[in-house]
Number of protein chains: 2
Amino acid sequence: MTDYIQLLKSCNLKATPQRISVLKALDGQTHPTIDELFEQIRLEHPAISLATVYKNLNTLKDEGLVVEINTPTGKMRYDVFYMPHIHVVCANCGNIEDMPCDIAFDKYQKDIEEKVGRSIKRIEVLATVDSCSCC
Amino acid sequence: MTDYIQLLKSCNLKATPQRISVLKALDGQTHPTIDELFEQIRLEHPAISLATVYKNLNTLKDEGLVVEINTPTGKMRYDVFYMPHIHVVCANCGNIEDMPCDIAFDKYQKDIEEKVGRSIKRIEVLATVDSCSCC
DNA sequence: CTATTTGCAAACCCTTTGCAAAAAT
DNA sequence: ATTTTTGCAAAGGGTTTGCAAATAG
């Protein structure tokens with residue numbers, strides 16, 4: 001289990017209960033939509049506002065702790081991004097599956113960096129498939 | 001120059017002047033936003049409606065001829081996708097640079113397909129960089 | 001002639017913003 | 001004590017929709 005207070009402190013962010021809840025909820029669900037997150041967080045914080053969740057997600061995004069994934073269904077999904085990985089997105093239902101990065105991938109990233117001539121902050125691979133286990 | 005009418009016919013889409021204009025505009029600009037497209041198209045079609053442009057982009061997206069790219073600035077950008085390639089997205093200004101796919105990439109896609117156990121419809125690589133030539 | 005597409009305006013939905021009160025450090 | 005964060009409600013912005021008229025095949 002992650003020490004959320006420590007994590008936030010290291011980013012110079014105040015460790016409010018709401019913010020900790022957002023982090024917890026992100027850790028507890030895989031690629032949640034905002035509604036899924038909101039619902040989850042409200043179990044702990046019935047009075048939290050949707051705006052607060054959005055604000056915190058943006059703050060965490062700025063710190064690079066969270067990434068937004070735009071799905072083919074138009075719904076944004078959120079992901080904690082401690083470890084780089086590949087997103088396999090279903091074109092049909094918007095479901096997302098993670099795939100760990102392997103050595104081949106790291107090498108590939110280096111290739112791209114060389115070509116671009118600039119260091120890459122984050123590399124995101126979206127593999128779109130026509131259907132998934134849930135559709 | 002592409003034969004747009006032929007292209008559309010092969011997709012069972014009616015070749016309206018508006019639709020052809022959308023294709024032309026997509027070919028003429030790199031990764032335009034909807035506004036850039038709209039402005040361009042209106043040079044030829046002053047009376048075209050924004051809704052028509054959106055509808056056509058969605059239709060072309062369904063055919064796989066166009067991809068949407070979600071930029072860090074929140075503005076969606078559009079791209080003709082005849083040939084797979086990599087998008088290098090600037091986290092700062094949302095500018096996008098193309099990078100051609102090479103053999104290493106194709107091999108990488110095959111690796112992913114094998115792991116996912118499903119054939120990949122489209123693979124999109126977003127490499128995020130901190131700044132670009134224009135910022 | 002039939003099916004699709006257009007254009008308009010309104011509706012929609014998700015996300016952001018402004019501001020005063022509350023809370024964290 | 002200072003700065004950040006919260007919550008509310010309202011505003012914002014981009015995208016979609018419904019429908020009648022126009023157009024493509």
Side-chain angles (χ1 to χ4, degrees), chain A residues 3-26 31-39 41-42 44-63 65-78 94, chain B residues 3-26 31-39 41-42 44-63 65-78 94:
Chain A
D3 184 345
Y4 298 115
I5 297 177
Q6 208 52 47
L7 180 64
L8 292 172
K9 190 172 286 177
S10 75
C11 298
N12 289 315
L13 296 174
K14 297 196 169 173
T16 65
Q18 292 91 334
R19 186 165 285 159
I20 294 167
S21 258
V22 171
L23 279 175
K24 257 202 231 174
L26 279 166
H31 317 115
T33 58
I34 189 79
D35 315 274
E36 289 165 348
L37 267 179
F38 189 47
E39 203 180 325
I41 293 165
R42 275 213 288 194
E44 233 180 64
H45 269 272
I48 199 174
S49 125
L50 187 54
T52 299
V53 179
Y54 273 114
K55 283 174 189 165
N56 277 313
L57 285 173
N58 281 334
T59 307
L60 296 169
K61 227 171 52 183
D62 291 344
E63 293 298 328
L65 295 177
V66 164
V67 271
E68 273 181 353
I69 313 162
N70 187 37
T71 69
T73 61
K75 295 217 152 203
M76 203 67 88
R77 289 178 173 278
Y78 297 90
Chain B
D3 183 347
Y4 299 114
I5 298 176
Q6 209 50 49
L7 180 64
L8 291 172
K9 191 172 286 177
S10 76
C11 297
N12 289 315
L13 295 174
K14 296 198 171 174
T16 66
Q18 293 92 334
R19 186 166 285 160
I20 293 167
S21 259
V22 171
L23 278 175
K24 258 201 232 173
L26 280 166
H31 316 115
T33 58
I34 190 81
D35 315 275
E36 289 165 347
L37 267 179
F38 189 47
E39 204 180 325
I41 293 165
R42 275 212 288 193
E44 234 181 62
H45 269 272
I48 200 174
S49 126
L50 187 55
T52 299
V53 180
Y54 272 114
K55 282 174 189 165
N56 276 313
L57 285 172
N58 282 333
T59 307
L60 295 170
K61 228 172 49 182
D62 292 343
E63 292 299 327
L65 296 176
V66 164
V67 271
E68 275 182 352
I69 312 162
N70 188 36
T71 69
T73 61
K75 293 216 153 204
M76 205 65 90
R77 290 178 173 277
Y78 297 90

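The analysis underlying the following values was restricted to heavy atoms, covering all of them including side chains, and did not include hydrogens, waters or symmetry mates. Just so it is clear: chains get the letters A, B, ... in the order the sequence lines come, proteins before strands, and each one is counted from 1. Note that this is a predicted model, so its numbers are computed, not measured.
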Quick check for you: among [options], whose closest atom lies nearest to any side-chain atom of [X]?
| X | options | answer |
| --- | --- | --- |
| B:T16 | C:dT5, C:dT15, C:dG7 | C:dT5 |
| B:L50 | D:dC8, D:dT5, D:dT15 | D:dT15 |
| A:I48 | D:dG7, C:dT6, D:dT17 | D:dG7 |
| A:K14 | C:dA24, C:dG7, C:dT15 | C:dA24 |
| B:K55 | D:dC19, C:dA24, C:dT5 | D:dC19 |

Out of curiosity, A:L37 CG to A:I48 CD1, how far, rounded to the nearest 0.5 Å? 10.0 Å
About how many Å separate CG of B:L26 and CD1 of B:I41, when rounded to the nearest 0.5 Å? 7.0 Å
Would you say a side-chain N or O of A:Q18 is under 4.0 Å from OP1 or OP2 of D:dG7? yes
If we count only N and O atoms by modelled type, under 3.5 Å, do the side chains of B:Q18 and B:T52 hold a donor and an acceptor together? no
Pairing donors with acceptors under 3.5 angstrom, does anything connect the side chains of A:K55 and A:N58? no
When the axes are fitted on five pairs at both termini, how much does the helix from C:dC1-D:dG25 to C:dT25-D:dA1 curve, in 10° steps? 50°
Count the heavy atoms of every other residue, nucleotide or ligand shown that sit under 6.0 Å from CD of A:E63, and state whether that count exceeds 12. yes
